[in-house]
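Every chain is numbered from 1, with letters handed out A, B, ... down the list of sequences.
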There are 2 protein chains.
Amino acid sequence: MNVETPIWRQVRAAIVAEIAAGEFPPGTPLPAEKLLAERFGCAIGTIRRATDGLVAEGALTRQQGRGTFVAGHTPERSFRFFHLRPADGRPLLPDTQFLDFARLKATPAQARALGLAPTAPLLRARHLQCLAGEPAMLEELWLPETLFPGLDGQRFAGRPGTVYDLYQREFGLSVTRIEEQLRAIAAPARIASRLGLAAASPVLMIERVAFAVDGKPVELRLAWADTTSLAYFNSRA
Amino acid sequence: MNVETPIWRQVRAAIVAEIAAGEFPPGTPLPAEKLLAERFGCAIGTIRRATDGLVAEGALTRQQGRGTFVAGHTPERSFRFFHLRPADGRPLLPDTQFLDFARLKATPAQARALGLAPTAPLLRARHLQCLAGEPAMLEELWLPETLFPGLDGQRFAGRPGTVYDLYQREFGLSVTRIEEQLRAIAAPARIASRLGLAAASPVLMIERVAFAVDGKPVELRLAWADTTSLAYFNSRA
DNA sequence: CCCAATTTGTTCGTATGTATA
DNA sequence: TTATACATACGAACAAATTGG
């Protein structure tokens with residue numbers, strides 16, 4: 001009479017909920033598999049089944065002999081979502097130049113993308129990503145103010161690590177999935193000049209929505225990339 | 001004393017090899033897990049572990065009560081690699097207009113991308129992908145002649161299903177993974193006119209290498225997409 | 001229509017190997 | 001060395017879906 005959801009899914013959901021609730025800050029180990037099995041009243045294999053997906057997504061990392069850890073948004077981890085590389089495919093860490101920070105109202109399209117009420121208050125941060133010292137991509141980050149209480153330009157620009165690391169450490173929002181739309185457009189004048197391009201040069205425009213472990217959208221990001229000597233790398237199995 | 005590769009990896013490799021050798025044509029069921037366990041002298045769980053990855057990649061499909069099948073390249077399956085959609089994200093099957101077919105020599109860059117000797121003979125097919133009746137993307141397919149013996153324009157254009165279905169049915173090459181590079185460029189005159197665009201309009205250029213189950217590169221594909229009312233959709237966990 | 005055989009899906013428990021502290 | 005934790009592997013049982021009689 002088991003038409004219910006499998007135990008491993010229930011366990012997975014429970015663990016995700018605990019992580020999303022901030023019970024295990026990034027870098028801390030989950031209870032050992034044996035303990036989890038006891039706590040949830042199931043077999044160790046079921047615990048593994050439940051965590052396998054999280055490990056594959058990068059939300060957890062397992063280390064033989066040490067434990068299972070909630071993945072922090074180290075540069076390498078965030079890098080999973082950074083697709084811009086030189087033509088040879090060699091991964092290159094970008095460095096970021098902060099531009100400005102503002103508080104605005106959502107447009108209908110933005111509200112829809114983030115699942116918010118129309119004209120909900122948003123925070124907007126803009127910065128420039130540089131690769132090998134050259135301006136590579138201009139980015140606009142749009143954040144629901146309710147999810148990022150008290151965030152301002154100082155705290156944003158003064159963060160130590162990556163943007164997603166900030167979301168996770170300070171607001172308990174762990175980005176694990178993104179959805180992107182890519183288009184080729186003629187660069188608007190303001191953007192072209194920031195990238196050191198002639199006006200109306202073709203640029204790669206990226207529209208991203210980032211989701212937290214629990215599936216909630218937490219960020220809308222618009223980006224304009226100069227792909228004359230770089231490319232957006234994607235690989236699918 | 002087990003420093004060797006795990007059994008499940010060996011089993012996986014063996015199954016992949018058999019599929020690549022054409023022992024199980026697409027659509028046919030693999031031997032039941034119990035049989036495979038006996039044949040390989042291991043437990044059923046180990047068989048499942050071995051096939052889990054193939055299922056995730058879409059090379060196999062499991063159906064409770066029926067069996068485990070070698071996935072054919074149905075339109076839906078090939079669709080996993082088709083990323084162009086209207087802005088609303090609604091998936092839309094393209095239809096294809098054949099343009100031409102030729103036999104040429106590889107450029108150094110093409111040979112490198114396909115892992116071939118310089119100036120190896122290549123087959124080139126060109127076609128136009130249309131979405132909702134409108135020209136959406138121009139594609140150039142470059143194929144190593146040695147992998148596609150006897151392929152010509154007639155057989156290419158006259159195929160019943162998708163391109164990848166042709167590769168699999170007639171040449172035993174099952175595409176399971178692709179790597180892509182995306183760039184925004186100004187459309188060359190010939191391409192712009194095919195897409196019904198003004199010369200030098202921004203288009204999304206896609207460079208793809210497709211790999212078979214066994215990891216061998218089998219196709220180099222260049223594509224130019226009109227993204228004025230379409231977008232390239234990508235999602236990563 | 002029901003029944004039985006087959007096949008995958010889920011879950012359990014256990015044992016051993018290997019890496020870490 | 002010892003204890004802990006994950007990695008691999010085995011075997012068993014039952015559930016659920018499918019198929020064919």
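- For T68(A) and dA5(D), the shortest distance from a side-chain N or O to OP1 or OP2 is not below 4.0 Å.
- Contacts between residues 29-65 of chain A and DNA chain D, defined by a heavy-atom separation under 4.0 Å, are made by A32(A), E33(A), R48(A), R62(A), Q63(A), Q64(A), G65(A).
- In summary, E219(A) and R124(A) do not engage in a salt bridge, as defined by a charged side-chain N under 4.0 Å from a carboxylate O.
- Between I47(A) and V11(A) there is a side-chain heavy-atom pair separated by less than 4.5 Å.
- Sorted by first and then second residue, the ring pair (Phe, Tyr, Trp, His ring centres under 6.0 Å) pairs with a member in residues 76-97 of chain B read F79(B)-F82(B), H83(B)-Y232(B); sequence neighbours excluded.
- Cation-pi check for R169(B) over F171(B) is not met; the charged atom does not lie both under 6.0 angstrom from the ring centroid and within 45 degrees of its normal.
- With a 4.5 Å cut-off on side-chain heavy atoms, L182(A) and L182(B) count as touching.
- Contact check on R183(B) versus E207(B) returns a salt bridge, with a Lys/Arg side-chain nitrogen under 4.0 Å from an Asp/Glu carboxylate oxygen.
- Note: F69(B) and F24(B) fail the aromatic proximity criterion, with ring centroids not under 6.0 Å apart.
- The rotation axes computed at either terminus of the helix from dC2(C)-dG21(D) to dA21(C)-dT2(D) lie 10° apart, taking five pairs at each end and rounding to 10 degrees.
- Looking only at atom types and distance, the side chain of T61(B) has no donor-acceptor partner in the side chain of R77(B) under 3.5 Å away.
- Taking atom CZ of residue R66(B) and atom C1' of nucleotide dG20(D), one finds them 14 Å apart after rounding to whole Å.
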